[in-house]
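To keep things clear, I will list the structure first and then write my remarks on it.
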Amino acid sequence: SAVISQKPSRDICQRGTSLTIQCQVDSQVTMMFWYRQQPGQSLTLIATANQGSEATYESGFVIDKFPISRPNLTFSTLTVSNMSPEDSSIYLCSVATGGGSNQPQHFGDGTRLSIL
Amino acid sequence: KNQVEQSPQSLIILEGKNCTLQCNYTVSPFSNLRWYKQDTGRGPVSLTIMTFSENTKSNGRYTATLDADTKQSSLHITASQLSDSASYICVVSAEEYGNKLVFGAGTILRVKS
């Protein structure tokens, strides 16, 4: 399975600032995703990171707040912009290594973000 | 209403005992149902993936069952170990959502010695 590295693993940020989270995979993958996991809640898909084109955002998430880049098949970034305490959460990168809907999806260990 | 509901919300068992976690879903039609284990401070790790035509799948001491007619799944853990302490998440891949994953809230399992 793919090895996924996320940086930073955690951060404490000031209100109004922005933070960029990096996701590096040790092999080329077809799909990369960004999720949010709020305390005690299930994972929610933010967007699908598309290589070479704009990310596909889910309802309730917008590009201005969560800009995403995917310059190649092994790397993606998620920026959390103009942060507020409500953005305190775990942000997880996920990848699908094959085609088809029955392929496993692998997750990084997440970035734990606290906004003061 | 949650499309994937899990029970119990949390569970404490003694080391060596067996336990069963439940998952009910309303997503239909679905492509597959997955169980993930998420240790504290880590990302979810896949345990099993079952398509609608499969009714059981094992991964070591973990056995998942699926009843597509009643839209229920269970995860049975045999001879529990302290390292089984984690959140267990039921996930459904739904055709109507472009095969995106719909996550349950998870069952928090604590295994005591």
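Within every chain, numbering begins at 1; the chains are lettered A, B, ... in the order of the sequence lines, protein sequences first and strands thereafter. These numbers were taken from a predicted model, which means no experiment stands behind them.
For a residue to count as touching a neighbouring chain, one of its non-hydrogen atoms must lie under 4.5 Å from one of that chain's; by this rule B:Q6 does not touch chain A. Residue A:Q6 does not touch chain B at all, counting heavy-atom pairs closer than 4.5 Å. A:L43 touches chain B through backbone and side chain together, each having a heavy atom under 4.5 Å away. Proximity to chain B is limited to the side chain of A:R112, based on heavy atoms less than 4.5 angstrom apart.
Summarising the local packing, CZ of B:R110 is surrounded by 12 or fewer heavy atoms from other residues, nucleotides or ligands at distances under 6.0 Å.
In this pair, B:F103 and A:Y35 present their aromatic rings perpendicular. The plane angle is above 60°, beyond the 30 to 60° band.
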(message) For a ring-ring contact (aromatic ring centres under 6.0 Å, His included) check, start with the C-alpha distance between B:Y25 and B:F30, then their side-chain angles and the critical distance, and finish with the verdict.
(response) CA-CA 10 Å; B:Y25 61 93; B:F30 81 106; 5.1 Å; yes
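Between the CD atom of B:Q38 and the CZ atom of A:F107 there is a distance of 8.5 Å, given to the nearest 0.5 Å.
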